[in-house]
Number of protein chains: 2
Amino acid sequence: MKGLGVSVLGYALLGVLQQQDRSGYDLRKFFSATPMISFSDSPGSIYPALRRLEERGLVKSRIQERSGLHRRRLYRLTPAGAAELRRWQKQPIVRDDIIRGTAELMLRFSFMDQSLGPAEALRFLTAFKAELAAYIPSLRSFLEENGKYMALSGRLALENGINAYESLLDWARNAIKSYEKSQERD
Amino acid sequence: MKGLGVSVLGYALLGVLQQQDRSGYDLRKFFSATPMISFSDSPGSIYPALRRLEERGLVKSRIQERSGLHRRRLYRLTPAGAAELRRWQKQPIVRDDIIRGTAELMLRFSFMDQSLGPAEALRFLTAFKAELAAYIPSLRSFLEENGKYMALSGRLALENGINAYESLLDWARNAIKSYEKSQERD
DNA sequence: AGGTTCATGTAACCCGTTACATGATTTC
DNA sequence: GAAATCATGTAACGGGTTACATGAACCT
């Protein structure tokens, strides 16, 4: 059960396709028109990525003919694609995930309600919180020991990193509360 | 005056080499032992990157023989390399820089005291602040309009994005104050 | 004598970027 | 009739990841 060769962009596509079937053009528009604009909407990235997903059996495409309108190729998530999305989302959170930028972790989380449900989302948040809480002190102590020898810009940049992780930790705590509240209503 | 073909890793190397001459091995250790650990310390990335920088005349290497110790190849920034670093750092800040992740912007800033001095660092921070302040409302209004139709995890992920940009804005304001204070002392 | 650290590389693979290319349909 | 939008591709290029490879010096 390994995640063979799907890029972050690939998972982003799987996540969006989970909601509804879309064409490559739809997906490009989606990326450019929502906060997922951090992904490139260039045809040179999306069309090849969709082709790769189809080769691996994670999506299935069909041509949609529309009178008057352009014909287009609609993509739908296959059961294997949905399973691979869940596998990726459920991976344990390790320090390296935190270090290499939290963008991928947030992507994993953002589709989680639909694919895994709130209980798993809560588990994710709890693990995320723990990993953040474990990592921040190492940054703090680096600043403590080296801050006085660093240039102002360097020190400020480091402080920004610490702030960013701390506001993420706050966010995680609040998100956990949101899920606990929504579970009480059941 | 365009920035022909230097990757983010390349600029990170130029920035670190600005402080002192180092070998490839030193640079790998530096990346793995400091908060710059977000860069890969694998030999497969660093040695080829150094070779490319030397081909472009941005660094110059020499072999250092040390009795008893291992011989190693020390890299030094050339004047052209220092100039290219400054050119990269001085580029205007555009919305796209904000959207594609602020890591590269923070990297640009973190070496700025040594290369461009505090006045330029202040200019950078002011532009950064303005660009952030201009971008955040568009995220807010997206949340306003679409939040009610989004799943909880998706909405929380979006809120996290907004929070992150806002804490960055706070940081920028404080950093500006730090520079203004340090200028008063002149 | 054997394992760890120092030190530097190469090569295959994947994939994102950029640019180019095409054609239908809609709008003014 | 021209411009913008819809819609889907291809191809060259660059560079990061991973894995493989080598050898000297140091420590026990």
Side-chain angles (χ1 to χ4, degrees), chain A residues 2-13 21-33 36-56 58-59 61-75 96-97 99-101 103-104, chain B residues 2-14 21-33 37-56 58-59 61-75 96-97 99-101 103-104:
Chain A
K2 327 165 205 172
L4 259 164
V6 179
S7 66
V8 178
L9 172 61
Y11 289 113
L13 293 169
D21 298 359
R22 291 178 201 264
S23 67
Y25 194 78
D26 285 342
L27 290 160
R28 293 179 57 207
K29 290 288 128 182
F30 186 85
F31 283 161
S32 65
M36 288 190 75
I37 193 171
S38 54
F39 290 95
S40 166
D41 65 341
S42 80
S45 65
I46 277 147
Y47 291 111
L50 286 168
R51 192 174 45 70
R52 287 192 299 269
L53 291 175
E54 184 152 32
E55 279 167 9
R56 284 155 204 178
L58 306 178
V59 300
S61 75
R62 67 179 193 281
I63 304 270
Q64 185 190 32
E65 304 279 358
R66 297 176 300 173
S67 60
L69 288 173
H70 297 265
R71 66 204 312 252
R72 52 193 207 148
R73 184 176 292 273
L74 271 185
Y75 287 88
D96 220 63
D97 295 325
I99 288 171
R100 307 276 148 164
E104 184 172 351
Chain B
K2 328 163 204 175
L4 260 164
V6 179
S7 66
V8 177
L9 173 60
Y11 288 114
L13 293 169
L14 292 179
D21 297 0
R22 292 179 199 264
S23 67
Y25 194 77
D26 285 342
L27 290 160
R28 292 180 56 207
K29 290 289 130 183
F30 186 85
F31 283 161
S32 65
I37 193 173
S38 55
F39 289 95
S40 167
D41 65 341
S42 80
S45 65
I46 276 145
Y47 290 111
L50 286 168
R51 192 174 45 71
R52 287 193 299 270
L53 291 174
E54 184 152 34
E55 281 168 6
R56 284 154 204 181
L58 305 178
V59 300
S61 76
R62 66 179 193 279
I63 303 269
Q64 185 189 33
E65 304 279 359
R66 296 175 303 173
S67 59
L69 289 173
H70 297 266
R71 64 205 311 254
R72 51 190 208 149
R73 183 178 291 274
L74 272 185
Y75 288 89
D96 220 63
D97 295 325
I99 288 173
R100 308 276 148 162
E104 185 173 350

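A, B, ... follow the sequence lines: proteins, then strands. Residue 1 opens every chain.
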Checklist entry - So which heavy atom on B:L9 is nearest to which on B:A49, and how close? => result CD2-CB, 4.0 Å

Checklist entry - Relative to the 5' end of DNA chain D, which residue comes earlier, B:S42 or A:S23, by the nucleotide with the nearest heavy atom? => result A:S23

Next on the checklist: Can you measure A:I46 atom CD1 to C:dG16 atom C1' for me and round it to whole angstrom units?
Outcome noted: 11 Å

Checklist outcome for this item: Side-chain atoms of B:R100 come closest, of C:dT17, D:dG9, D:dG16, to C:dT17

Checklist outcome for this item: Between OH of A:Y25 and C1' of D:dG9 the distance, given in whole Å, is 14 Å

Item to check | Integer-rounded Å distance: C:dA7 C1' and B:E65 CD | outcome: 13 Å

Next on the checklist: I'd like to check A:S61 versus A:L50 (side-chain heavy atoms, cut-off strictly below 4.5 Å). Are they in contact?
Outcome noted: no

Next on the checklist: So B:R28, base contact, sugar-phosphate only, or nothing? Heavy-atom distance under 4.0 Å.
Outcome noted: base

Checklist entry - What is the distance, rounded to the nearest whole Å, between atom CZ of A:R51 and atom C1' of D:dT8? => result 13 Å

Item to check | Per B:R66 side chain, nearest of listed nucleotides C:dC15, C:dA7, C:dG9 | outcome: C:dA7

Checklist entry - Quick check: does any side chain N or O of B:R22 sit under 3.5 Å from a backbone N or O of B:D26, one acting as donor and the other as acceptor? => result no

Item to check | Most 5' of B:L69 and A:G10 on DNA chain C, judged by nearest nucleotide | outcome: B:L69

Checklist entry - To the side chain of B:Y47, which of C:dT26, C:dG16, C:dA7 is closest? => result C:dA7

Next on the checklist: Without decimals, in angstroms, what is the distance between A:R71 CZ and C:dT26 C1'?
Outcome noted: 19 Å

Checklist entry - What is the nucleic acid contact for A:R56, judged by heavy atoms within less than 4.0 Å: base, sugar-phosphate only, or nothing? => result sugar-phosphate

Next on the checklist: Rounding to an integer number of Å, can you tell me how far A:D26 CG sits from D:dG9 C1'?
Outcome noted: 16 Å

Item to check | Spacing between A:E104 atom CD and D:dT17 atom C1', to the nearest angstrom | outcome: 14 Å

Next on the checklist: By nearest atom, which of the nucleotides C:dT8, D:dG15, D:dA7 is closest to the B:P43 side chain?
Outcome noted: C:dT8

Item to check | Test item: A:E65 and A:R72 side chains (from C-beta on) under 4.5 Å apart, heavy atoms | outcome: no

Checklist entry - Of the candidate nucleotides C:dA7, C:dG16, C:dT25, which contains the atom at the shortest distance from the side chain of A:H70? => result C:dT25

Next on the checklist: Donor-acceptor pair, distance only, cut-off 3.5 Å: does the side chain of A:R71 make one with the backbone of A:Q64?
Outcome noted: no

Checklist entry - Which one, D:dT5, D:dT10, D:dG15, comes nearest to the side chain of B:R52? => result D:dG15

Item to check | Closest listed nucleotide, where the reference is the side chain of B:S45 and the choices are D:dC6, D:dT17, C:dT17 | outcome: D:dT17

Checklist entry - Looking for any heavy atom pair under 4.0 Å, which part of the strands does A:G24 touch: base, sugar-phosphate only, or nothing? => result sugar-phosphate

Checklist outcome for this item: Here the distance between atom C1' of C:dG9 and atom CD of B:E54, to the nearest Å, is 14 Å

